[in-house]
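Data first, discussion second: the structure below is written as C-alpha coordinates.
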Amino acid sequence: RVSNWDRLRQSTAAVTRSPPGPAGRHRSRTNCATARASSSTVSATCACTRPSPAPGRASSTGTATRVADASNVAVVNPRARGVVRSIRADVGSRVTRGAPLAVLESSAVGEDRSRLQTARARALLAEATYRREKELHDKGVSALREVEEAEREWEAARAEVAAAAGALDMIGTSGGAAGAYTLKSPIAGVVTRRAATVGTLVDTGDALFEIIDVSHLWADIDVPEAQA
(Lines give C-alpha, C1' and ligand atoms only; values in the text may rest on other atoms or scores of the structure.)
Protein backbone atom coordinates (compact mmCIF):
# COMPACT_ATOMS: atom_id res chain seq x y z
CA ARG A 1 0.00 0.00 0.00
CA VAL A 2 1.46 3.37 -1.02
CA SER A 3 1.11 5.64 1.98
CA ASN A 4 2.59 9.00 0.95
CA TRP A 5 3.88 11.10 -1.91
CA ASP A 6 7.56 10.66 -1.00
CA ARG A 7 7.46 6.88 -1.46
CA LEU A 8 5.97 7.31 -4.90
CA ARG A 9 8.44 10.03 -5.87
CA GLN A 10 11.47 8.00 -4.74
CA SER A 11 10.44 5.06 -6.94
CA THR A 12 9.59 7.20 -9.96
CA ALA A 13 11.30 6.46 -13.28
CA ALA A 14 8.95 8.45 -15.52
CA VAL A 15 5.87 10.61 -15.12
CA THR A 16 3.37 11.44 -17.85
CA ARG A 17 0.64 14.00 -17.47
CA SER A 18 -2.64 14.00 -19.37
CA PRO A 19 -4.98 16.97 -20.05
CA PRO A 20 -7.51 17.91 -17.36
CA GLY A 21 -10.37 15.45 -16.99
CA PRO A 22 -14.06 16.29 -17.03
CA ALA A 23 -13.96 17.42 -13.41
CA GLY A 24 -10.94 19.68 -13.96
CA ARG A 25 -8.48 17.17 -12.53
CA HIS A 26 -5.07 16.17 -13.89
CA ARG A 27 -4.01 12.52 -14.11
CA SER A 28 -0.36 11.59 -13.85
CA ARG A 29 1.17 8.17 -14.36
CA THR A 30 4.23 7.26 -12.33
CA ASN A 31 6.40 4.24 -13.02
CA CYS A 32 7.04 2.56 -9.66
CA ALA A 33 10.04 0.49 -10.70
CA THR A 34 10.94 -0.54 -7.17
CA ALA A 35 7.45 -1.12 -5.88
CA ARG A 36 6.47 -4.39 -4.23
CA ALA A 37 2.93 -5.64 -3.98
CA SER A 38 0.79 -8.69 -3.37
CA SER A 39 -2.41 -9.49 -5.23
CA SER A 40 -4.41 -7.37 -2.82
CA THR A 41 -2.38 -4.21 -3.51
CA VAL A 42 -1.90 -4.35 -7.27
CA SER A 43 -4.99 -2.22 -7.79
CA ALA A 44 -5.02 -0.55 -4.38
CA THR A 45 -6.16 3.07 -4.16
CA CYS A 46 -4.75 5.46 -1.61
CA ALA A 47 -4.51 9.16 -0.85
CA CYS A 48 -1.14 10.80 -1.50
CA THR A 49 -0.15 14.17 -0.06
CA ARG A 50 2.83 16.16 -1.35
CA PRO A 51 4.34 18.37 1.35
CA SER A 52 4.53 22.08 0.62
CA PRO A 53 7.76 22.80 -1.31
CA ALA A 54 8.03 26.33 0.13
CA PRO A 55 6.53 28.27 3.04
CA GLY A 56 3.16 29.74 2.29
CA ARG A 57 2.27 27.27 -0.49
CA ALA A 58 -0.49 24.74 -0.08
CA SER A 59 0.21 21.04 -0.21
CA SER A 60 -1.14 18.85 -3.04
CA THR A 61 -3.41 15.92 -2.33
CA GLY A 62 -4.37 13.30 -4.90
CA THR A 63 -5.51 9.73 -5.27
CA ALA A 64 -3.07 7.08 -6.53
CA THR A 65 -4.03 3.72 -7.97
CA ARG A 66 -1.31 1.15 -8.42
CA VAL A 67 -1.79 -0.73 -11.69
CA ALA A 68 0.18 -3.28 -13.70
CA ASP A 69 1.62 -2.74 -17.16
CA ALA A 70 -0.13 -5.01 -19.67
CA SER A 71 3.23 -6.22 -20.97
CA ASN A 72 3.99 -7.66 -17.51
CA VAL A 73 0.74 -9.60 -17.13
CA ALA A 74 0.31 -13.25 -18.16
CA VAL A 75 -2.97 -15.15 -18.40
CA VAL A 76 -2.39 -18.90 -18.36
CA ASN A 77 -4.72 -21.29 -20.20
CA PRO A 78 -4.67 -25.09 -20.40
CA ARG A 79 -2.54 -26.39 -23.27
CA ALA A 80 -4.96 -29.26 -23.81
CA ARG A 81 -8.49 -30.07 -22.68
CA GLY A 82 -8.43 -32.08 -19.46
CA VAL A 83 -9.23 -32.40 -15.77
CA VAL A 84 -7.44 -30.45 -13.04
CA ARG A 85 -5.82 -32.96 -10.69
CA SER A 86 -3.87 -30.71 -8.31
CA ILE A 87 -3.10 -27.04 -7.63
CA ARG A 88 0.52 -26.00 -7.07
CA ALA A 89 0.11 -22.21 -6.68
CA ASP A 90 -2.62 -20.01 -5.23
CA VAL A 91 -3.51 -16.31 -5.15
CA GLY A 92 -0.68 -14.36 -3.54
CA SER A 93 1.98 -16.97 -4.34
CA ARG A 94 5.24 -15.67 -5.75
CA VAL A 95 6.36 -17.82 -8.66
CA THR A 96 9.39 -17.97 -10.92
CA ARG A 97 9.31 -18.47 -14.65
CA GLY A 98 8.60 -22.15 -15.34
CA ALA A 99 7.22 -22.78 -11.84
CA PRO A 100 4.36 -25.34 -11.70
CA LEU A 101 0.87 -23.89 -11.30
CA ALA A 102 -1.33 -26.97 -11.66
CA VAL A 103 -1.28 -30.59 -12.84
CA LEU A 104 -3.88 -31.62 -15.42
CA GLU A 105 -4.78 -34.96 -16.97
CA SER A 106 -5.73 -35.00 -20.64
CA SER A 107 -6.69 -37.86 -22.93
CA ALA A 108 -5.29 -35.87 -25.86
CA VAL A 109 -1.87 -35.71 -24.20
CA GLY A 110 -2.03 -39.43 -23.50
CA GLU A 111 -2.77 -40.10 -27.17
CA ASP A 112 0.12 -37.88 -28.26
CA ARG A 113 2.53 -39.70 -25.95
CA SER A 114 1.33 -43.07 -27.23
CA ARG A 115 1.73 -41.87 -30.81
CA LEU A 116 5.26 -40.68 -30.05
CA GLN A 117 6.26 -44.03 -28.57
CA THR A 118 4.82 -45.87 -31.59
CA ALA A 119 6.59 -43.53 -33.99
CA ARG A 120 9.92 -44.01 -32.24
CA ALA A 121 9.57 -47.79 -32.40
CA ARG A 122 8.72 -47.59 -36.09
CA ALA A 123 11.71 -45.32 -36.72
CA LEU A 124 14.08 -47.76 -35.03
CA LEU A 125 12.74 -50.63 -37.11
CA ALA A 126 12.91 -48.59 -40.32
CA GLU A 127 16.49 -47.58 -39.59
CA ALA A 128 17.52 -51.20 -39.00
CA THR A 129 15.79 -52.26 -42.23
CA TYR A 130 17.52 -49.52 -44.23
CA ARG A 131 20.97 -50.41 -42.89
CA ARG A 132 20.42 -54.08 -43.63
CA GLU A 133 19.25 -53.41 -47.18
CA LYS A 134 22.18 -51.07 -47.80
CA GLU A 135 24.63 -53.66 -46.54
CA LEU A 136 23.07 -56.32 -48.80
CA HIS A 137 23.19 -53.89 -51.74
CA ASP A 138 26.88 -53.20 -51.10
CA LYS A 139 27.47 -56.96 -51.28
CA GLY A 140 25.50 -57.17 -54.51
CA VAL A 141 22.65 -59.17 -52.98
CA SER A 142 19.89 -56.53 -52.78
CA ALA A 143 18.61 -54.25 -55.53
CA LEU A 144 19.01 -50.45 -55.34
CA ARG A 145 15.23 -50.07 -55.47
CA GLU A 146 14.87 -51.94 -52.17
CA VAL A 147 17.47 -49.70 -50.54
CA GLU A 148 15.67 -46.57 -51.70
CA GLU A 149 12.33 -47.87 -50.46
CA ALA A 150 13.80 -48.65 -47.04
CA GLU A 151 15.32 -45.17 -46.88
CA ARG A 152 11.95 -43.55 -47.67
CA GLU A 153 10.32 -45.58 -44.90
CA TRP A 154 12.97 -44.44 -42.47
CA GLU A 155 12.52 -40.77 -43.42
CA ALA A 156 8.73 -41.06 -43.04
CA ALA A 157 9.15 -42.63 -39.60
CA ARG A 158 11.49 -39.85 -38.48
CA ALA A 159 9.02 -37.22 -39.69
CA GLU A 160 6.28 -38.89 -37.65
CA VAL A 161 8.49 -38.80 -34.56
CA ALA A 162 9.17 -35.09 -35.09
CA ALA A 163 5.46 -34.33 -35.50
CA ALA A 164 4.47 -36.21 -32.34
CA ALA A 165 7.28 -34.62 -30.34
CA GLY A 166 6.30 -31.17 -31.63
CA ALA A 167 2.71 -31.63 -30.49
CA LEU A 168 3.92 -32.43 -26.97
CA ASP A 169 6.39 -29.54 -26.99
CA MET A 170 3.53 -27.12 -27.67
CA ILE A 171 1.84 -28.39 -24.51
CA GLY A 172 5.09 -27.99 -22.62
CA THR A 173 5.75 -31.64 -21.89
CA SER A 174 7.60 -34.49 -23.51
CA GLY A 175 7.52 -37.24 -20.91
CA GLY A 176 5.43 -38.36 -17.99
CA ALA A 177 2.82 -40.93 -17.08
CA ALA A 178 -0.35 -41.41 -19.11
CA GLY A 179 -1.93 -38.05 -20.00
CA ALA A 180 -0.76 -35.96 -17.04
CA TYR A 181 1.02 -32.67 -17.72
CA THR A 182 2.06 -29.67 -15.65
CA LEU A 183 0.84 -26.16 -16.37
CA LYS A 184 3.74 -23.74 -15.79
CA SER A 185 4.08 -20.01 -15.27
CA PRO A 186 5.44 -18.18 -18.35
CA ILE A 187 6.81 -15.28 -16.25
CA ALA A 188 8.04 -14.54 -12.75
CA GLY A 189 5.61 -12.64 -10.55
CA VAL A 190 2.66 -12.95 -8.21
CA VAL A 191 -0.47 -15.03 -8.80
CA THR A 192 -3.33 -12.52 -8.72
CA ARG A 193 -6.15 -14.77 -9.92
CA ARG A 194 -6.86 -18.50 -9.84
CA ALA A 195 -9.90 -20.04 -11.52
CA ALA A 196 -8.64 -23.63 -11.49
CA THR A 197 -10.38 -26.07 -9.14
CA VAL A 198 -9.43 -29.69 -8.53
CA GLY A 199 -11.69 -32.06 -10.44
CA THR A 200 -12.92 -29.45 -12.92
CA LEU A 201 -12.93 -30.20 -16.65
CA VAL A 202 -11.23 -27.28 -18.42
CA ASP A 203 -10.69 -26.39 -22.06
CA THR A 204 -8.00 -24.43 -23.87
CA GLY A 205 -10.10 -21.26 -23.81
CA ASP A 206 -10.42 -21.18 -20.01
CA ALA A 207 -8.18 -18.71 -18.15
CA LEU A 208 -6.96 -20.60 -15.08
CA PHE A 209 -4.31 -18.25 -13.67
CA GLU A 210 -3.22 -14.63 -13.91
CA ILE A 211 0.39 -13.74 -13.11
CA ILE A 212 1.63 -10.17 -12.68
CA ASP A 213 5.26 -9.07 -12.57
CA VAL A 214 5.02 -6.69 -9.60
CA SER A 215 8.59 -5.43 -10.03
CA HIS A 216 7.22 -3.01 -12.66
CA LEU A 217 4.04 -1.21 -11.59
CA TRP A 218 2.45 2.12 -12.47
CA ALA A 219 0.80 4.54 -10.09
CA ASP A 220 -2.08 6.49 -11.66
CA ILE A 221 -2.33 9.73 -9.67
CA ASP A 222 -5.47 11.87 -9.85
CA VAL A 223 -4.71 15.44 -8.67
CA PRO A 224 -7.12 18.40 -8.68
CA GLU A 225 -6.16 20.94 -11.39
CA ALA A 226 -5.82 23.73 -8.85
CA GLN A 227 -3.19 21.71 -6.95
CA ALA A 228 -1.35 20.27 -9.97
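Keep in mind that what you see is a predicted model, and the values were worked out from it rather than measured. Residue numbers start at 1 and run along the sequence shown.
Two residues are said to be in side-chain contact when any heavy atoms from C-beta on lie closer than 4.5 Å; Asn72 and Ile212 fail this criterion. Side-chain contact between Val76 and Ser185 is absent, with no heavy-atom pair separated by less than 4.5 Å.
Put simply, the side chain of Ser114 never gets that close to the backbone of Gly110: no donor and acceptor are under 3.5 Å apart. When atom types are taken as modelled, the side chain of Asp213 and the backbone of Ser215 share a donor-acceptor pair closer than 3.5 angstrom. Remark: the backbone N or O of Arg81 is paired with a side-chain donor or acceptor of Ser106 at under 3.5 angstrom. In this structure, Arg88 contributes its side chain and Lys184 its backbone to no donor-acceptor pair below 3.5 Å.
Glu127 pairs by the salt bridge (charged side-chain N to carboxylate O under 4.0 Å, His left out) definition with Arg131, not counting sequence neighbours. Applying the salt bridge (charged side-chain N to carboxylate O under 4.0 Å, His left out) test to Arg85 and every residue at least two apart in sequence or in another chain returns Glu105. Applying the salt bridge (charged side-chain N to carboxylate O under 4.0 Å, His left out) test to Glu146 and every residue at least two apart in sequence or in another chain returns nothing. Arg122 pairs by the salt bridge (charged side-chain N to carboxylate O under 4.0 Å, His left out) definition with Glu153, Glu160, not counting sequence neighbours. Judged as a side-chain hydrogen bond (donor to acceptor under 3.5 Å, both in side chains), and not counting sequence neighbours, Arg115 has no contacts.
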* Report the C-alpha separation of Thr129 and Arg132 in whole Å, then their side-chain angles, then the decisive distance to 0.1 Å, and conclude whether the side-chain contact (heavy atoms from CB on, under 4.5 Å) test is met. => CA-CA 5 Å; Thr129 301; Arg132 183 178 64 254; 3.7 Å; yes
* Test log, rule side-chain contact (heavy atoms from CB on, under 4.5 Å), inputs Val73 and Ile211 -> CA-CA 6 Å; Val73 178; Ile211 315 293; over 6 Å; no
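No more than 12 heavy atoms of other residues, nucleotides or ligands shown are found within 6.0 angstrom of CZ on Arg97.
By the rule that hydrophobic residues join a cluster once side-chain heavy atoms approach within less than 4.5 Å of another member, Leu201 and Phe209 end up as members of separate clusters.
Residue pairs that meet the ring-ring contact (aromatic ring centres under 6.0 Å, His included) test with at least one member in residues 107-139, sequence neighbours left out, are Tyr130-Trp154.
Considering every non-hydrogen atom in both Pro100 and Ala89, the closest pair reads O-CB, 4.2 Å. When all heavy atoms of Ala207 and Val75 are compared, the pair lying nearest together is CB-CG1, 3.5 Å. What you find for Val91 and Arg194 is that their closest heavy atoms are CG2-N, 3.8 Å.
At a threshold of 4.0 Å, the pair Glu149-Arg152 counts as salt-bridged, since one of the basic side-chain nitrogens sits closer than that to a carboxylate oxygen.
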